[in-house]
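Here is how names work: the chains are called A, B, and so on, in the same order as the sequence lines, proteins then strands, and each is numbered from 1. These values consider heavy atoms only, across backbone and side chains, with no hydrogens, waters or symmetry-generated copies.
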There are 2 protein chains.
Amino acid sequence: MEDNHIITTLGYALLALVARQASSGYDLAQRLKRPIGFFWSANPSHIYSELARLEKAGLITHQSIEQATRPTKKLFSLTESGQAALRDWVTTSVEPAPPHDELVLRAYAIWLADPDKAIQLFQRQKEYHKARLAEYRQILARIERTHEAGITVTMPEFGNYATLHAGIYSEQAALGWCHWMVDQFERHARQDPEQEK
Amino acid sequence: MEDNHIITTLGYALLALVARQASSGYDLAQRLKRPIGFFWSANPSHIYSELARLEKAGLITHQSIEQATRPTKKLFSLTESGQAALRDWVTTSVEPAPPHDELVLRAYAIWLADPDKAIQLFQRQKEYHKARLAEYRQILARIERTHEAGITVTMPEFGNYATLHAGIYSEQAALGWCHWMVDQFERHARQDPEQEK
DNA sequence: ATTCACATGTAAAGGGTTACATGATTGG
DNA sequence: CCAATCATGTAACCCTTTACATGTGAAT
């Protein structure tokens, strides 16, 4: 009932999912994988504890659903204050989070490395981003096919649509940079042939 | 001396800095801001405790430098095993870290929001990324001017060069997406004029 | 018979952020 | 006189990850 609790970002992620459809903790763990998993992730155990916090804060409630063939589950749904909190949050300004990009950190020290190994690293990374990009484009094509009339900003589907676009933009950028990195190393190999021998 | 300790990513970030120049904790806190701060960040207090861990693991050593006018400082430098660990690490494959992007998470639930507020959010974000991009481009131009002979992959400067490129790619992507988002909302406003009144 | 899917949690540890404590010197 | 810079750390807290614990029913 007290809403003087701070809501974590995972809390908002769960509210956003429950806002679309009432779900159990297990459901949420599944739904968090895709498409939210592309930009926000959590472990099942964390989800359960966060749900307990959200309920204590009065943002969600649950009803226990007894099932004949499956274990009883808790179906969570948004309360009014939960919906209000979520609606307010989505347009609050995002203060730029301290970035943490391991690959870029490696690039900062890559001058110490064996160039061959460096090429391999960035080539692997390129393949990974290429695969991701293809996956996103495929999902995008599918949702565009099922919504021929167009997806507008007030439809829940717009969430999926927008996040997929975000993914495509960022994968393209990552791919472009990895390509540039490989190119730098290959250029070096051509200009300094057999330098090590 | 025991090197059965796990090195955290911050640990490697510090090793990468010390590899270029022996530094005190305070120096490292300053140097971590720019340009590493663009892709990896840490608080001073965390840096000091991490330095202690790295030293216990035998990856760095320090000598105390007594200064006439300033407090005594500990100047840290890489040990041989520290350099080896860093060199190995830079080319190890990066397993894709679980992503956490708050802005994209908001986009997932943005259909609940007032479209005007949504436009404002993404416009602010656009301005932010525009400023970042301009900053990176300026720094890049400066380092290109000071290294007219070219920057090759075995030079320490290549670290700065490569990370700046990474920043430019990713800011362009963020900017592009924010622009796309604003466009979606403006298109909606044109098609649904005065819907709310 | 065993694995997979459903279903819910507790406990511990790790890594990062924030707050706090201390103290000297230089510049405005 | 006060703020900023130099310089090092401790303690507490928060969020996240990993490991563990428990149990049923359906499918292979």
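Set against D/dT8, C/dG16, C/dC6, the side chain of B/K73 has D/dT8 as its closest nucleotide. Side-chain proximity of A/R70 to the nucleotides C/dA19, C/dC6, D/dA7 is greatest for C/dC6. The side chain of A/P71 lies closest to C/dA7, out of C/dA7, D/dG9, D/dT17. Listed candidates were D/dT8, D/dC15, C/dG15. Nearest to the side chain of B/R53 is C/dG15. When the nucleotides C/dA7, C/dT26, C/dT17 are ranked by their closest atom to the side chain of A/P98, C/dT17 comes out on top. Of the candidates C/dG23, C/dT18, C/dT8, C/dT18 carries the atom nearest the B/N43 side chain, counting heavy atoms from C-beta on. With D/dT8, D/dC15, C/dG9 as the choices, the nucleotide that has an atom nearest any side-chain atom of B/K74 turns out to be D/dT8.
No side-chain N or O of A/T152 forms a donor-acceptor pair with one of B/R187 less than 3.5 Å apart. With hydrogens and angles left out, the side-chain atoms of B/R31 and B/S23 include a donor and acceptor closer than 3.5 Å.
Residue B/L28 contributes atom CG, which lies 9 Å from atom P of D/dT8 at whole-angstrom precision. Whole-Å rounding puts the A/L32 CG to D/dT17 C1' distance at 14 Å. Across the protein-nucleic acid pair, A/L51 atom CG and C/dG9 atom P stand 9 Å apart, rounded to whole Å. In this structure, B/H100 places its NE2 atom 16 Å from P of C/dG15, rounding to the nearest Å. Atom P of nucleotide D/dC6 and atom OH of B/Y48 are separated by 11 Å, given to the nearest angstrom. Rounded to an integer number of Å, the gap from CG of A/L14 to C1' of C/dT8 is 15 Å. Put simply, NZ on B/K33 is 10 Å from C1' on D/dT5, counting in whole angstrom units. We find that CD of B/E50 is positioned 12 Å from P of C/dT17, with the value rounded to whole Å.
B/S45 comes within contact range of at least one nucleobase, with a heavy-atom separation under 4.0 Å. Within 4.0 Å (heavy atoms only), B/T9 reaches no atom of the nucleic acid at all.
For the OP1/OP2 pair of C/dG9 and a distance below 4.0 Å, the side-chain nitrogens and oxygens of A/S49 include no atom meeting the criterion. Residue B/T69 has a polar side-chain atom (N or O) positioned under 4.0 Å from OP1 or OP2 of C/dT26. Side-chain N/O atoms of A/Y26 include none lying less than 4.0 angstrom from OP1 or OP2 on C/dT8. Residue A/Q67 places no side-chain N or O under 4.0 Å from the OP1 or OP2 atom of C/dC6.
Aromatic ring pairs are classed by plane angle as parallel below 30°, tilted from 30° to 60° and perpendicular above 60°; the pair B/F158 and A/W180 is parallel.
Take the nearest nucleotide of DNA chain C for A/S24 and for B/L10: the residue whose nucleotide is more 5' is A/S24.
Between A/F122 and A/W177, the ring center distance clears the sub-6.0 Å criterion.
Under a 3.5 Å cut-off, the side chain of A/H100 and the backbone N or O of A/P98 do form a donor-acceptor pair.
The two residues A/L10 and A/A42 have their closest heavy-atom pair at CD1-CB, 3.6 Å.
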